[in-house]
Amino acid sequence: LSFVMALFFGLNLNAQCTPPANVDVFYGCDGAVTLSWNAVPDAQSYTVDIENGAPVVDFVNMVTTTLTIEPGTLTPGTTYQFAITANCGVSDVSSTQGTITGADITNAQPMIAISNVTSPYCPDIDATGEFDVVITDDGCGGTYEVFVDGASVATGVASGDVTTVSGLTAAVGGTEYVVTIEAEAGNTCNYTNSDGGNCLDNVSASTTLTPQDN
């Protein structure tokens, strides 16, 4: 009878559901967190539960062994517990538990906007070119140093502040200016992921000044 019931419910009497192994947690520079694990033999699906004293999100009926938790779902600085459960059949499950470290969850990368671009009238000698720079972060309260072509032009810049870059020249055919930023000491935003990478390294914006009269 038990054998017939096992066949009816799709169970393998010779198999034992094993816990998902080699779980890896990757922290993206956009605030996303990715979990991955080895496939479990005979697993029909997986369930991932994430909580912080209370349930936060649940993912059910997964057939892949990788899960990316979208940016903004988990809060930087807050540590979460997760359980990955392999579902091998009715009442045949096995789980692995782990931790998502809050200190490794990054804030979303800030954006750099360039506006009010004014090109000089004459090429090369006319240093009347300028533009405005505005940094927008996700409200984490950071301050930044602003660079143009690698040279510092402003410090202590907060989200929403306007930084006017002036005294710029332009060559015949146009000159491109690249704006980058660095987080200042004591910054309350987290832009370093678990791999030790600086998430601001790829944040930049550019504009080209072209003389009005060549």
Side-chain angles (χ1 to χ4, degrees), residues 20-38 46-60 62 64-85 95-115 132-163 178-207:
N22 296 324
V23 179
D24 182 56
V25 183
F26 176 76
Y27 303 84
C29 274
D30 56 357
V33 175
T34 299
L35 303 175
S36 63
W37 58 93
N38 289 354
Y46 301 93
T47 300
V48 179
D49 301 299
I50 298 173
E51 63 177 40
N52 173 29
V56 176
V57 285
D58 296 302
F59 301 86
V60 298
M62 293 181 53
T64 63
T65 57
T66 300
L67 169 66
T68 296
I69 304 159
E70 294 298 318
T73 304
L74 305 180
T75 303
T78 299
T79 294
Y80 299 85
Q81 306 300 318
F82 67 81
I84 302 173
T85 302
S95 297
T96 295
Q97 291 78 39
T99 299
I100 297 173
T101 305
D104 289 330
I105 302 173
T106 63
N107 289 94
Q109 293 169 307
M111 295 183 295
I112 303 173
I114 297 176
S115 61
D132 290 339
V133 175
V134 176
I135 303 166
T136 305
D137 61 28
D138 65 355
C140 53
T143 58
Y144 308 88
E145 184 171 5
V146 179
F147 298 82
V148 175
D149 289 349
S152 177
V153 297
T155 59
V157 179
S159 177
D161 289 351
V162 178
T163 299
V178 179
V179 179
T180 56
I181 60 176
E182 289 184 3
E184 294 183 324
N187 200 303
T188 54
C189 304
N190 179 30
Y191 296 126
T192 303
N193 64 13
S194 57
D195 292 335
N198 183 355
C199 292
L200 296 185
D201 285 345
N202 296 321
V203 176
S204 66
S206 65
T207 188

*Any side-chain heavy-atom pair from Y80 and L74 closer than 4.5 angstrom?*
yes
*Contact check, side chains of Y27 and P76, non-hydrogen atoms, under 4.5 Å*: no
*asked:* Looking only at the side chains, is there a donor atom on one of S36 and T66 sitting less than 3.5 Å from an acceptor on the other?
replied: no
*asked:* Please check: side-chain N/O of T96 versus main-chain N/O of A21, any donor-acceptor pairing under 3.5 Å?
replied: no
*Would you check if P110 and L200 make a side-chain contact, meaning some heavy-atom pair closer than 4.5 Å?*
yes
*With sequence neighbours left out, write down each residue that passes ring-ring contact (aromatic ring centres under 6.0 Å, His included) with Y191, or none if nothing qualifies.*
none
*So, do V25 and V33 sit near enough that their side-chain heavy atoms are less than 4.5 Å apart?*
yes
*What's the verdict on side-chain hydrogen bond (donor to acceptor under 3.5 Å, both in side chains) for T180 and S204, showing C-alpha distance, side-chain angles and the deciding distance?*
CA-CA 5 Å; T180 56; S204 66; over 6 Å; no
_Could you report the tightest heavy-atom contact between C189 and D137, atom names first, then the distance?_
SG-OD2, 4.0 Å
*Listed once per pair and sorted, the side chain to side chain donor-acceptor pair (under 3.5 Å) pairs that draw on residues 145-156, sequence neighbours left out*: E145-S152
Please list, one pair per line, the donor and acceptor atoms closer than 3.5 Å that link side chains of residues 46-60 to other protein atoms, with sequence neighbours excluded.
from: Y46; atom 1: OH; to: V40; atom 2: N; distance (Å): 2.9
from: T47; atom 1: OG1; to: N87; atom 2: ND2; distance (Å): 3.2

*Nearest heavy atoms of S95 and T85, plus distance in Å*: OG-OG1, 2.6 Å
*Determine whether I105 and T78 make a side-chain contact, defined as any pair of heavy atoms from C-beta on separated by less than 4.5 Å.*
no
_Heavy-atom check, side chain of I135 versus side chain of S159, under 4.5 Å_ = no
